[in-house]
Participant: 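Below is one structure. I have some questions about it.
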Number of protein chains: 2
Amino acid sequence: MSEPGFAPRPTLEAVAARAGVSRATASRVVNGSEGVRAPLVERVRRAVDELGYVPNQAARTLVTRRNDAIAVVVAEPETRFFTDPFFAQQVRGISRELTAHDNQLVLLLTEGTADYQRVGRYLAGGHVDGALIFSLHAEDELPALARRAGVPTVIGGRPGWSDDRTLYVDCDNRGGARDAVRYLLGLGRRQVAHIAGPLDQTASVDRLDGFRDVLPDADPRLIVEGDFTPEGGARAMTALLERVPDLDAVFVASDVMASGALRVLRTVGRRVPEDVAVVGFDDMVSVAEWTDPPLTTVHQDIEEMGRLMAGLLLRTLEPPAQGGAEPVRAASIVTPTRLVVRASA
Amino acid sequence: MSEPGFAPRPTLEAVAARAGVSRATASRVVNGSEGVRAPLVERVRRAVDELGYVPNQAARTLVTRRNDAIAVVVAEPETRFFTDPFFAQQVRGISRELTAHDNQLVLLLTEGTADYQRVGRYLAGGHVDGALIFSLHAEDELPALARRAGVPTVIGGRPGWSDDRTLYVDCDNRGGARDAVRYLLGLGRRQVAHIAGPLDQTASVDRLDGFRDVLPDADPRLIVEGDFTPEGGARAMTALLERVPDLDAVFVASDVMASGALRVLRTVGRRVPEDVAVVGFDDMVSVAEWTDPPLTTVHQDIEEMGRLMAGLLLRTLEPPAQGGAEPVRAASIVTPTRLVVRASA
DNA sequence: ATGAAAGCGCTAACAT
DNA sequence: ATGTTAGCGCTTTCAT
């Protein structure tokens, strides 16, 4: 299977020879350029089929400077990437969009900043036409790295700095959080707590801000920082229960953390939603529908966001349409959220 | 960030000029070849740094025929790929091994056979040096496709056909299943059922065979086929309960399915393990430790298998060591399993 | 509409 | 030890 030196792949040259045309014409046919007469097209096509010709991508890239591949860079320990369905759905959206445009997805996993150099080299090496960067914590230098490498980038989630040359796709975290808290209040809850995500990520901060928009005078003890894992959610819930034993509701910044919180609640015998109402965030179906009880949560269309990211990047890559009209500047996207009511609140 | 026509990346030529050497020497330094005198090496290094030179991969690939990239092809709806922690762990092992050898991972997701052509083109296009193929169902033509493309391949899981030119990495499914069933019997259980995986996959068949090795005369009604999802496990459990109400143990072919089965058991009020003992397969920690009760299961080192797959493939790719000795033929690998006892049995 | 020819940036013989 | 040179397979002017 790996015997070296076997059947070399046919080249364009071979196709041209077989079709009795020049390499240039063969190339035109292969790339679907206009202006090759039908019979020739036909002959070249046949030659391609007969030979099983497939263009050599390296050669093509060398001249076109196009890879038709984009990198997905995840600045998060691989553990979380694979454990958290959030990424899964996002990547799925991306993959779909890229595939639809004949682009490949190159996955670059980083296990801490030690890998950043490797990623930098890769991006600068011209392997990919663009990059999608994920899960940035404050001060993350991945985007800067991509910029230095001259690789167009779209970021997943609002970056910590503002600067409108940086494109990103995010959902309305703050608005979604407000909806969640208002809903809880509407239920008549009086002591609403919040389990936040890691506060070095904007999504966490935005959700916390939404919480505060509605409850500006909330007792600070009602707010605990988690880490987007079930264990973290469990720990946070335990802490909350200890500090504010009479809480009657909690808005958790992610479904995954909420699942951990629910577990703790069940363990200590608090009924959900009777004693404590719980609202999550994300609407990760695989989590929210399977918790006990099923989770009321803020829905965001994660897969769609992935698709949007890829679409935005691809658009950025397109040649600046030469119609005299000023090119429509690609812009960041913020998608809406909506509350999905299940049983936990 | 995407302004076209800005700072072209420096070429080797530029580095050579700046260092005052020939392109060849610059190349030697960049690639760490022996036999360049220290002062020159120094000068070239400096030029590289000053210019921020990074080799153009396309150009390099064109001549070396090496991509330093391998494809991971998953023959499974993306949904399952991202939902099932099994893949996650496997990919993680692969990613680690590849990274350690400076190889990139290109993820090729296929959503049904419609995508096979696309994958075939990609493999044949010479984008990657090899492929790792996953989750094959019977009659899957992905491996044939890779072979036609001339791309060395290692398969995850024993393929359905035998032919020892095909390399694969799998765990001892049959032995693990035997251990599980024997353990259940050792507990004094008399009516041991089995929830199998999809029987068009060898892993499922092998686990079922292990079950039968120990219980050759098991009532056929004790065996139900699932689909490696929690829902499938739940359905299978329900069916089992209906057919054989007095069953007192069940060996489930995957932890993920077992989680669904446990849910059903809880719902209908059977205590685990008192009324029904449950043993899973995989030891997917994120699942097995979090079920209620925690799952006794057959452990396989999934991440390690990923690593082994990548290692095996990389070895296949190496030039056939020129020491006169006959090259050690790379061989398929079967890893051991072991029972991990938690609370469910 | 088609062909000839000039590279894209790099590595690897081959010379020196 | 270093430089010269010939491609790798392809796209793309530029002629015709």
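Residue numbers start from 1 in every chain, and the chains themselves are labelled A, B, ... in the order their sequence lines are given, proteins ahead of strands.
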Participant: Salt-bridge test for Asp49(A) and Arg46(A): reply yes if a basic N is under 4.0 Å from a carboxylate O, no otherwise.
Facilitator: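 No, this pair does not count.
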Participant: Remember a base hit wins even if backbone is also touched, and classify Arg23(B) as base, sugar-phosphate or nothing at under 4.0 Å, heavy atoms.
Facilitator: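 If one applies the 4.0 Å heavy-atom cut-off, Arg23(B) turns out to touch a base.
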Participant: Taking the side chain of Asn31(B) as heavy atoms from C-beta outward, which of dT2(C), dA12(C), dT11(C) is closest to it?
Facilitator: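 The closest nucleotide is dT11(C).
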Participant: From C-beta outward on Leu62(B), which listed nucleotide comes closest to its side chain: dG9(C), dT2(C), dT2(D)?
Facilitator: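 So the nucleotide nearest the side chain must be dG9(C).
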Participant: Has Ser27(B) got a side-chain N or O lying under 4.0 Å from the OP1 or OP2 atom of dT11(C)?
Facilitator: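 Checking Ser27(B) against dT11(C): at least one side-chain N or O falls below 4.0 Å of OP1 or OP2.
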Participant: With a cut-off of less than 4.0 Å, is there a side-chain N or O of Thr25(B) near OP1 or OP2 of dG3(D)?
Facilitator: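 The answer is yes; a side-chain N or O of Thr25(B) sits under 4.0 Å from OP1 or OP2.
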Participant: Can you tell me which nucleotide in dG3(C), dC10(D), dC10(C) comes closest to the side chain of Pro55(A)?
Facilitator: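 Ranking dG3(C), dC10(D), dC10(C) by closest atom to the Pro55(A) side chain puts dC10(D) first.
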Participant: Give a yes or no on whether a donor-acceptor pair under 3.5 Å exists between the nucleobase atoms of dG3(D), that is its base, and the side chain of Arg28(B).
Facilitator: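 In this structure, the two groups form a donor-acceptor pair.
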Participant: Specify the separation, in whole Å, of atom CD of Glu13(A) and atom C1' of dC8(D).
Facilitator: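 About 12 Å, once rounded to whole Å.
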Participant: Nearest whole Å is fine: how far is dC8(D) P from Arg9(A) CZ?
Facilitator: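 So the two atoms are 17 Å apart, to the nearest Å.
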Participant: Report the nucleotide, chosen from dT2(C), dG9(D), dT11(C), that has the shortest atom-to-atom distance to any side-chain atom of Ala59(A).
Facilitator: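 Per side-chain heavy atoms of Ala59(A), the pick is dG9(D).
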Participant: Got a donor-acceptor contact below 3.5 angstrom from the Ser27(A) side chain to the Arg23(A) backbone?
Facilitator: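 Pair absent, no side-chain N/O of Ser27(A) close to backbone of Arg23(A).
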Participant: Please find the pair of heavy atoms, one from Thr110(A) and one from Ala75(A), that lie closest to each other, and give the distance.
Facilitator: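 In terms of heavy atoms, the two residues are closest at OG1-CA, 3.4 Å.
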Participant: What class does the angle between the rings of Phe134(A) and Phe87(A) fall in, given that below 30° is parallel, 30 to 60° is tilted and above 60° is perpendicular?
Facilitator: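 Phe134(A) and Phe87(A): perpendicular rings.
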Participant: Please state how far atom CZ in Arg65(B) lies from atom C1' in dG9(D), giving the value in whole angstrom units.
Facilitator: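 Interatomic distance, CZ of Arg65(B) to C1' of dG9(D): 8 Å.
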Participant: Can you tell me if the side-chain N/O atoms of Ser22(A) get under 4.0 Å from OP1 or OP2 in dA4(C)?
Facilitator: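 No, no such contact exists.
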Participant: Please determine, for the side chain of Ala24(B), which listed nucleotide (dG9(C), dG9(D), dT4(D)) has the closest atom?
Facilitator: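 Given the options dG9(C), dG9(D), dT4(D), the side chain of Ala24(B) is closest to dT4(D).
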Participant: Where the side chain of Leu12(A) is defined as all heavy atoms beyond and including C-beta, which of dT12(D), dC10(C), dC10(D) is the nearest nucleotide?
Facilitator: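 Within the option list, the nearest is dC10(D).
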Participant: Please pick, from dG9(D), dT4(D), dA4(C), the nucleotide with the shortest atom-to-atom distance to any side-chain atom of Asn56(A).
Facilitator: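 Shortest atom-to-atom distance from the side chain points to dG9(D).
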Participant: Using whole Å, what does the distance between atom P of nucleotide dG9(D) and atom CD of Gln57(A) come to?
Facilitator: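 So the CD-P distance, Gln57(A) to dG9(D), works out to 14 Å.
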Participant: Are more than 12 heavy atoms, taken from residues, nucleotides or ligands other than Arg45(A), located less than 6.0 Å from that residue's CZ atom?
Facilitator: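 Not more than 12 within 6.0 Å, no.
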Participant: Kindly point out which of dT11(D), dT11(C), dC8(D) is positioned nearest to the side chain of Arg60(A)?
Facilitator: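 The listed nucleotide nearest to Arg60(A)'s side chain is dT11(D).
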Participant: Return the value, rounded to whole Å, for the distance between atom CG of Asn67(A) and atom P of dC10(D).
Facilitator: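 Atom-to-atom, Asn67(A) to dC10(D), this comes out as 16 Å.
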